[in-house]
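Structure first, commentary second.
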Amino acid sequence: MAFFDFSGIEITAICAAVPKEEVRVVDLNFDRSQLEKLQKITGVETVRRTTPDQTAADLGFVAANTLIEGTGVARESIGALVFLSHSSDYRRPASACVLQHRLSLDVDCAAYDINLGCSGFPYGIVQVASLFANSDIEHAILITAETMTKLAAAGDRSTAPLFGDAAVATLVSRSKNESSLKALLRTDGSGFRSVVVPAGGFRNRFASRQEKTWPDGNTRSLHDLFMNGPEVLEFTLTQVPDLVRDFLQHTDSTIEDFDAVALHQANLLILRQLARKVDFPVEKIPLSLRQFGNTSSASIPLSLCNDFNRFGNLRPVNVLMCGFGVGLSLGVASATLAPNIFHQIVQTSEVFEPGMLLEPSDFKAVLF
Amino acid sequence: MLEKIIVELAAILECDPSAISIETEFKELSSWDSLAHISVITMIETEFDILVRDKDFDLISTVGDLARYVEGRE
């Protein structure tokens, strides 16, 4: 069992950044009545879309920089920066390395990427918390970021009206408080085909970008996101309730011990079914789905930023956080969060201009 | 149970329940799509507490097949 139990470490700040452009789902280029029907099921009314040059790292930079400025944490005290995303700026180097530079963090900072999606927040928290165990690190930043709108083909009714772009920076700090973080992580890679972008990696390097009509009736290329809704639904409704039940049993807790159950914002139908199956009121789920859509690894902390006041305006609350999806991968984590750790959601169109390496002439001449 | 399935199916497929019978091959109807697929799976789960596996659902054609499947799993 991949169960984790950390003490003396706590989440001390969370800051989200979203693109400025807001897209109404009903304005997308599909049949209007179908979109309205879809909207009732998914619960997504608007999503945020990055500009063509704006990346997940750009959003992550703004989220992390706002977090650093807002908390006053010294940049040189940040000992680790983990960027968790499927949408890195380059095939190499890791986006975390570029972000270490952009955020003016000290060279005494471990920076690397993790390649995960919807399950990413519990994984990222475990990864960052683990860094404290055998180090002198005082603070670490986890950035969970995704630009799903760049992967959802315009002609794909199963993805385009569902996904949005966002990034969230989470500050994890060594603490003298009696804080604890617990997590349980799982993987079922037999479902790797269920949510996949088939091209763009090294498996099919020369895949065509030509759009075709796929067996599900949607139009996309091999470089676009494919999602098999019924397979994902089956995975979610079988494995996620089991994960949560096993976590509760292992930690000798009940779902009633948690004030909020922050679920990955897959869609409203899935959230309702999970609440029914795990047996808790749907009102316990912090939401960001309606305004921001499914934002992959950003969705759990974004929902907390967006909706936390409903749970604990003045007091710390116990939060269960559960991510699930592409991989297929799933994880659950618990933490006690104070209301003053959340920052206002920032809107940005900032692009890292020095990172635009578009032509050979963008590189300095080096003679060999 | 059959009556319940027909009423719920009609709501999902936006048609009158009288247009659906035990022989109706509901996946062949013009309003059938992936959204309807997911809605039917969650409807069966909510109403009967049975999760229809994707591989089983592929073998179901008619409303009668669906009702028999639910009956067999209850």
Side-chain angles (χ1 to χ4, degrees), chain A residues 25 30-31 33-44 155-162 188 190-191 193-195 213-220 226-242 266-279 282 328, chain B residues 1 3-20 24-74:
Chain A
V25 164
F30 298 101
D31 177 79
S33 65
Q34 279 191 328
L35 282 173
E36 286 170 355
K37 192 175 151 191
L38 186 74
Q39 202 169 51
K40 276 188 197 162
I41 290 175
T42 65
V44 181
D156 187 344
R157 201 165 58 86
S158 68
T159 56
L162 185 61
D188 180 3
S190 69
R193 283 189 192 84
S194 300
V195 188
T213 302
W214 288 36
D216 66 352
N218 285 296
T219 306
R220 61 175 82 82
F226 167 74
M227 183 171 70
N228 184 324
E231 282 178 12
V232 174
L233 182 72
E234 181 176 319
F235 155 74
T236 306
L237 297 185
T238 52
Q239 300 207 32
V240 174
D242 283 350
N267 64 54
L268 196 58
L269 181 133
I270 281 182
L271 297 187
R272 284 183 177 143
Q273 289 299 107
L274 286 176
R276 194 183 66 79
K277 288 194 76 120
V278 182
D279 197 19
V282 76
L328 296 168
Chain B
M1 183 250 288
E3 199 175 322
K4 182 77 185 165
I5 289 177
I6 288 176
V7 168
E8 294 292 335
L9 259 181
I12 291 167
L13 298 169
E14 295 177 328
C15 64
D16 196 276
S18 63
I20 297 181
T24 302
E25 293 185 345
F26 57 92
K27 294 180 195 169
E28 302 303 318
L29 298 176
S30 60
S31 51
W32 181 256
D33 59 11
S34 60
L35 209 59
H37 184 156
I38 285 169
S39 300
V40 169
I41 301 291
T42 46
M43 178 270 286
I44 298 292
E45 237 238 337
T46 307
E47 297 296 331
F48 305 103
D49 212 17
I50 289 167
L51 181 63
V52 187
R53 299 281 175 172
D54 208 39
K55 61 179 170 47
D56 296 336
F57 197 67
D58 286 346
L59 304 174
I60 290 169
S61 299
T62 66
V63 173
D65 292 342
L66 185 58
R68 277 188 292 278
Y69 179 85
V70 171
E71 205 169 43
R73 292 275 307 272
E74 266 183 332

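All values derive from a computational prediction rather than experimental measurement. First the proteins, then the strands, lettered A, B, ... as listed; each starts at 1.
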Heavy-atom contact with chain A under 4.5 Å, split by part of B/I38 | both
Can you pull out the donor-acceptor contacts between chain B and chain A, under 3.5 Å, including backbone atoms?
{"residue": "B/D33", "atom": "OD2", "partner": "A/R157", "partner atom": "NH2", "Å": "3.1"}
{"residue": "B/E45", "atom": "O", "partner": "A/R276", "partner atom": "NH2", "Å": "3.1"}
{"residue": "B/E45", "atom": "OE1", "partner": "A/Q273", "partner atom": "NE2", "Å": "2.8"}
{"residue": "B/E45", "atom": "OE1", "partner": "A/R276", "partner atom": "NH2", "Å": "3.1"}
{"residue": "B/E45", "atom": "OE2", "partner": "A/K277", "partner atom": "NZ", "Å": "2.4"}
{"residue": "B/T46", "atom": "OG1", "partner": "A/Q273", "partner atom": "OE1", "Å": "3.0"}
{"residue": "B/T46", "atom": "OG1", "partner": "A/Q273", "partner atom": "NE2", "Å": "3.4"}
{"residue": "B/R53", "atom": "NH1", "partner": "A/E234", "partner atom": "OE2", "Å": "3.4"}
{"residue": "B/D54", "atom": "N", "partner": "A/E234", "partner atom": "OE1", "Å": "2.5"}

Between the CD1 atom in A/I41 and the CG atom in B/L35, the distance rounded to the nearest 0.5 Å is 3.5 Å
Residues two or more places apart in sequence or in another chain: which of them pass side-chain hydrogen bond (donor to acceptor under 3.5 Å, both in side chains) with B/T62?
-> B/D65
Portion of A/L38 that has a non-hydrogen atom of chain B nearer than 4.5 angstrom | both
